[in-house]
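Since the structure comes first, as structure tokens, the remarks are kept for the end.
Just so it is clear: chains get the letters A, B, ... in the order the sequence lines come, proteins before strands, and each one is counted from 1. Predicted, not measured: the structure shown is a model, and the values here were computed from it.
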Number of protein chains: 2
Amino acid sequence: MPVVDLDSSALEAAQLLAERRLPALVVTERNGAPHTILPASQVVRFLVPGYVQEDPTLARVMNESMADHVGDKLGSKRVRDLLPKDRRELPAVNHDDTIIEVAAIMARLRCPLTAVMRDGKLIGVISASRLLELALPRR
Amino acid sequence: MPVVDLDSSALEAAQLLAERRLPALVVTERNGAPHTILPASQVVRFLVPGYVQEDPTLARVMNESMADHVGDKLGSKRVRDLLPKDRRELPAVNHDDTIIEVAAIMARLRCPLTAVMRDGKLIGVISASRLLELALPRR
């Protein structure tokens with residue numbers, strides 16, 4: 001299950017996104033309660049210096065390798081350090097909710113992932129594309 | 001390549017997202033120029049009636065099946081009908097740009113996908129997680 005907690009290693013979270021080609025991870029509190037999502041694009045954002053984000057043409061003159069840069073930037077960080085200041089609300093559903101209920105909450109929060117809970121514990125994650133797979137008529 | 005155009009069938013776009021479990025598709029103009037992205041969460045959003053998004057508890061009392069609903073909603077629509085009113089800018093890079101240049105533009109636009117162009121033609125797509133895979137030191 002693509003889940004990390006706020007104090008997980010930032011580098012390991014990035015590796016999990018990369019190796020499994022995930023668009024996002026679920027981030028939990030230390031006690032396992034769902035907290036937010038960490039999109040891969042947010043990790044990319046963290047790696048790029050602010051002055052280069054403002055003016056991407058500056059990237060052309062950076063002569064360090066991206067891999068060196070990434071090791072330096074992520075090595076000593078935690079997942080909480082990667083998250084944007086404004087916490088994105090993570091939808092949570094119950095394990096016995098219907099597909100329409102899951103779709104409704106995912107639609108309202110415009111989120112690509114939903115946490116699935118049973119008895120207050122996180123037991124799984126549903127992505128928007130998995131929901132579509134369940135909802136679409138077979139072809 | 002996960003690409004559709006503005007006039008592609010909405011149902012086929014949803015099926016592509018579902019079958020390949022993609023977080024988003026690249027959407028092009030009819031002439032093949034990159035236009036925007038279509039996130040799976042946007043398709044989910046399109047399928048859920050507005051009054052249910054406002055109050056997800058109403059989903060519990062809907063007694064039609066999601067699959068029937070989806071067929072009705074998507075069957076006669078085009079991709080352009082699914083897109084939100086505010087067009088999301090799709091980053092585009094050149095096939096010979098460096099990883100740092102791709103990261104810079106993806107970071108600035110906070111986008112999970114980037115179109116890759118050669119001689120004005122779309123030749124590929126890079127996801128944020130693929131970029132991380134290229135950028136991270138091997139473990």
Side-chain angles (χ1 to χ4, degrees), chain A residues 11-12 14-15 17-24 39-48 52-60 62 64-71 74 97-112 127-139, chain B residues 11-12 14-15 17-24 39-48 52-60 62 64-71 74 97-112 127-139:
Chain A
L11 185 57
E12 283 172 25
Q15 284 166 331
L17 286 163
E19 286 167 10
R20 297 176 57 183
R21 293 281 186 89
L22 297 167
S41 57
Q42 176 65 26
V43 183
V44 171
R45 195 172 164 79
F46 182 84
L47 297 177
V48 176
V52 178
Q53 287 181 41
E54 291 301 311
D55 182 0
T57 61
L58 292 176
R60 201 170 274 272
M62 290 175 68
E64 70 208 288
S65 92
M66 189 83 183
D68 294 345
H69 185 64
V70 166
L74 292 179
D97 283 347
T98 65
I99 292 181
I100 297 178
E101 287 174 290
V102 177
I105 195 162
M106 205 178 255
R108 191 163 62 92
L109 297 176
R110 299 166 189 249
C111 196
S127 66
S129 54
R130 171 65 176 146
L131 186 84
L132 289 178
E133 190 179 17
L134 292 169
L136 290 175
R138 301 267 163 255
R139 63 165 162 182
Chain B
L11 185 57
E12 283 173 23
Q15 284 166 331
L17 286 163
E19 285 167 11
R20 299 177 55 183
R21 292 282 187 88
L22 297 169
S41 57
Q42 175 65 25
V43 182
V44 171
R45 195 171 164 79
F46 181 84
L47 296 177
V48 176
V52 178
Q53 288 181 40
E54 292 301 310
D55 182 0
T57 60
L58 291 176
R60 199 170 277 271
M62 289 175 68
E64 71 208 286
S65 90
M66 189 82 182
D68 293 345
H69 185 63
V70 166
L74 293 179
D97 284 347
T98 66
I99 292 181
I100 297 178
E101 288 175 290
V102 177
I105 196 162
M106 207 180 253
R108 189 163 63 92
L109 297 176
R110 298 167 190 249
C111 197
S127 66
S129 55
R130 171 64 177 148
L131 187 82
L132 289 178
E133 191 180 16
L134 292 170
L136 289 176
R138 300 267 164 250
R139 63 164 164 183

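Heavy-atom distances place the side chain of A/Leu74, and not its backbone, under 4.5 Å from chain B. Contact annotation for A/Asp55: neither backbone nor side-chain heavy atoms come within less than 4.5 Å of a heavy atom of chain B.
Scanning both residues, A/Ile100 and B/Ala59, for their nearest heavy atoms gives CG2-CB, 3.7 Å. Residues A/Ser41 and B/Ala128 come closest through the heavy atom pair N-CB, 3.6 Å.
Rounded to the nearest 0.5 angstrom, B/Leu131 CG and A/Leu47 CG are separated by 8.5 Å. Here CD of B/Glu12 is found 11.5 Å from CG of A/Leu136. Values are rounded to the nearest 0.5 Å. Note that CD of A/Glu101 and CG of B/Leu58 are 10.5 Å apart. Values are rounded to the nearest 0.5 Å.
The candidate with the highest count of non-hydrogen atom pairs below 4.5 Å against chain B, out of A/Leu11, A/Thr98, A/Val52, A/Leu22, is A/Leu22. Ranked by non-hydrogen atom pairs under 4.5 Å with chain B, the options A/Glu133, A/Arg108, A/Arg21, A/Gln53 are led by A/Arg21.
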